[in-house]
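Report on one structure; see the data block that follows.
The analysis underlying the following values was restricted to heavy atoms, covering all of them including side chains, and did not include hydrogens, waters or symmetry mates. Bear in mind the structure is a predicted one, so any value in this text is a computation, not a measurement. Throughout, numbering of the chain's residues begins at 1 and tracks the sequence.
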Amino acid sequence: METIKTATFEALLEHAVPNDTGGYDFTLDGEIFQIKDTLEISAIATRKGYIIIY
């Protein structure tokens, strides 16, 4: 049975912390991603199998 993961964009946004390079460190499922723009969050979450609720 496959697990369906959902998250609101706002909830995911809370996991993006500004870093020293002017971007963000975004953590999802224990994995840290260095992103330049918070708009990248949706693409990362989708690749990891999340359905994003806006």
Side-chain angles (χ1 to χ4, degrees):
M1 175 184 259
E2 185 177 343
T3 301
I4 297 174
K5 300 180 277 186
T6 62
T8 63
F9 182 76
E10 291 81 12
L12 292 171
L13 193 57
E14 292 176 5
H15 296 279
V17 180
N19 61 26
D20 296 338
T21 64
Y24 299 87
D25 291 332
F26 172 61
T27 305
L28 184 62
D29 294 341
E31 189 173 351
I32 300 172
F33 301 88
Q34 292 184 340
I35 58 176
K36 293 182 181 180
D37 192 311
T38 55
L39 295 176
E40 296 176 60
I41 291 172
S42 294
I44 293 168
T46 301
R47 280 195 312 266
K48 292 190 70 66
Y50 280 81
I51 297 172
I52 311 301
I53 301 167
Y54 293 94

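Rounded to the nearest 0.5 Å, atoms CG (D25) and CD1 (I32) are 6.5 Å apart. Note that the CD1 atom of I35 and the CD1 atom of I44 stand 5.5 Å from one another [nearest 0.5 Å]. Separating the CD1 atom in I41 from the CG atom in L13 is a distance of 5.0 Å, to the nearest 0.5 Å. Taking CG of D29 as the reference point, atom NZ of K5 lies at 4.5 Å (rounded to 0.5 Å). Rounded to the nearest 0.5 angstrom, L28 CG and Y50 OH are separated by 4.5 Å. Considering NE2 of H15 and OG1 of T38, their distance stands at 14.0 Å, rounded to 0.5 Å.
Under the 4.5 Å side-chain contact rule for hydrophobic residues, Y54 and L12 share a cluster.
Residues L39 and D37 share a closest heavy-atom pair of N-OD1, 2.9 Å.
For residues 24-46, the set of pairs meeting the ring-ring contact (aromatic ring centres under 6.0 Å, His included) definition, not counting sequence neighbours, is empty.
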